Amino acid sequence: MSFQNVTVAIAKGRILEGAKTLWQQSGLLWPVDEDSRQLWFAPSPERPGMLIARARDIPTLVGMGIADLGIVGLDVLEEYPNNHVLQVADLKFAQCRVVLAGQKNQWPEGPTRIATKYQRIAQTYFTIHRHPVEMVSLSGSLELAPVIGLAPYIVDIVDTGNTLRQHQLTEIATILESSARLIANASHWRTKPELEHVRHLLQHEE
Ligand code: ADP
Ligand code: PRP
Ligand code: MG
């Protein structure tokens, strides 16, 4: 089957590194050169077209049908949901948790401030728990917030726990277990059988 009519959008950073391994194990040619700034690779007979974009933009690019498929973390899909996107596989890499963390292993008493780059996930979580919070939106280095007195609690990604420990922070609750997902434009998934073929290759199915 040809890849000529397929484009995959892949998130920069950790997802791109994990996708490279999976892609090569699947026997697909990997065209991205780490030293290059090239963000777009036209499809060839050996592999789909590829575009490299910021993680939070992947649901939009796939939802609009600019890319047929996308590779992005579940955390990003939950934070930036898109009605035109389907999750078609758990690719099992980039495993991490979105957690509530603070200086003590103690649920906040009364209204509190939360620093996060996951405003939607955090707000939904505290609404379900009927706990009033004020969100402070940061785009990275969340573990700084309690240290500098910006907010006593954070909602952020944890993997090994090293970054939390280095800032004397502790996990209070797990909000979401995340890993890299293969997503598809919903209408393209119905009309392009080649997309199922790519899913099959990336999942190493017999
Ligand atoms: P960003 O600039 O959005 O932080 P990253 O490359 O650090 O980009 O993270 C990309 C995705 O990888 C995240 O959306 C999440 O799913 C996952 N991730 C982030 N941090 C970690 C981590 N420390 N260990 C494993 N997976 C992670
Ligand atoms: C991510 C995340 C945590 C850290 C968790 O940061 O935001 O800070 O990894 O991993 P650990 O539990 O194994 O220490 P990243 O390195 O991606 O930096 P960022 O703030 O720029 O996203
Ligand atoms: Mg990061």
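Start at 1 and go down the list; that is how both ligands and their atoms are numbered. The model shown is predicted, which means the values in this text are computed figures rather than measured ones.
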Check for a donor-acceptor pair, side chain of [X] on one end and backbone N or O of [Y] on the other, with a separation under 3.5 Å.
| X | Y | answer |
| --- | --- | --- |
| Thr127 | Gln123 | yes |
| Ser26 | Leu28 | no |
| Asn185 | Gly63 | yes |
| Arg113 | Leu150 | yes |
| Trp40 | Met50 | no |
| Thr160 | Asn162 | yes |

May I ask you to identify the nearest protein heavy atom to [atom], giving residue, atom name and distance to one decimal place in Å?
| atom | answer |
| --- | --- |
| atom 5 (P) of ligand 1 | Arg14 NH1, 3.8 Å |
| atom 4 (C) of ligand 2 | Thr163 OG1, 3.6 Å |
| atom 13 (O) of ligand 2 | Thr160 OG1, 2.5 Å |
| atom 17 (C) of ligand 1 | Cys96 SG, 3.8 Å |
| atom 10 (O) of ligand 2 | Asp159 N, 3.7 Å |
| atom 14 (O) of ligand 1 | Asp75 OD2, 2.8 Å |
| atom 2 (C) of ligand 2 | Ile157 O, 3.7 Å |

Number the atoms of ligand 1 from 1 as they appear, then name those within less than 4.0 Å of a heavy atom of [X], with their elements.
| X | result |
| --- | --- |
| Gly73 | 16 (O) |
| Ala94 | 26 (N) |
| Gly13 | 6 (O) |
| Ile157 | 19 (C), 20 (N), 21 (C) |
| Lys117 | 1 (P), 3 (O), 4 (O) |
| Gln95 | 25 (C), 26 (N) |
| Val76 | 14 (O) |

For this session: Give the minimum heavy-atom separation between Leu142 and Ile154, together with the two atoms involved.
Result: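 Closest approach of Leu142 to Ile154: O-CG2, 3.5 Å.
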Exercise. Of the non-hydrogen atoms in Leu138 and Ala145, which two are nearest, and what is the gap between them?
Worked result: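 Between these two residues, the closest heavy atoms are CD1-CB, 4.4 Å.
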Exercise. Between Arg56 and ligand 1, which residue portion shows a heavy-atom distance shorter than 4.0 Å: side chain, backbone, both, or neither?
Worked result: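 The answer is neither.
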Where ligand 2 meets [X] - atom numbers and elements under 4.0 angstrom, heavy-atom basis:
| X | result |
| --- | --- |
| Val158 | 12 (O) |
| Asp156 | 2 (C), 3 (C), 7 (O), 8 (O) |
| Gly140 | 20 (O) |
| Ser141 | 20 (O) |

Answer yes or no for [atom]: protein heavy atom present at a distance under 4.0 Å?
| atom | result |
| --- | --- |
| atom 15 (P) of ligand 2 | yes |
| atom 26 (N) of ligand 1 | yes |
| atom 19 (P) of ligand 2 | no |

So that I can tick it off, tell me whether [Y] and [X] are bridged by a salt bridge, with the cut-off set at under 4.0 angstrom between side-chain N and carboxylate O.
| X | Y | value |
| --- | --- | --- |
| Glu79 | Lys117 | no |
| Arg199 | Glu196 | yes |
| Glu143 | Arg165 | no |

For this session: For atom 22 (O) of ligand 2, state which one of Glu143, Arg14, Lys117 supplies the nearest heavy atom.
Result: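 Considering heavy atoms of Glu143, Arg14, Lys117, the nearest to atom 22 (O) of ligand 2 sits in Lys117.
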For this session: Decide whether Ile172 and Leu164 are clustered together by the hydrophobic rule: side chain heavy atoms of Ile, Leu, Val, Met, Phe, Trp, Tyr closer than 4.5 Å, transitively.
Result: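 They do not share one cluster, since no chain of ILVMFWY contacts under 4.5 Å joins Ile172 to Leu164.
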Exercise. Under the ring-ring contact (aromatic ring centres under 6.0 Å, His included) criterion, do Trp107 and Phe126 qualify, and how do the steps go?
Worked result: CA-CA 11 Å; Trp107 184 266; Phe126 285 104; 5.7 Å; yes
Exercise. Below 3.5 angstrom, do we get any N/O pair linking Tyr118 and ligand 1?
Worked result: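 Looking only at distances, the answer is no, because the N/O contact criterion of under 3.5 Å is not met.
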Exercise. How about Asn105 and Thr170: does a side-chain donor come under 3.5 Å of a side-chain acceptor?
Worked result: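 Distance-only check fails for Asn105 and Thr170.
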For this session: Would you please determine whether Arg54 falls within less than 4.0 Å of ligand 1 on a heavy-atom basis?
Result: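 The answer is no, since Arg54 has no heavy atom less than 4.0 Å from ligand 1.
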For this session: Mark the output for Ala11 as yes if a heavy-atom distance to ligand 1 is under 4.0 Å, and as no if none is.
Result: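 So Ala11 does not count as touching ligand 1.
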Exercise. Do Tyr125 and His131 have their ring centres less than 6.0 Å from each other?
Worked result: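 No, too far apart.
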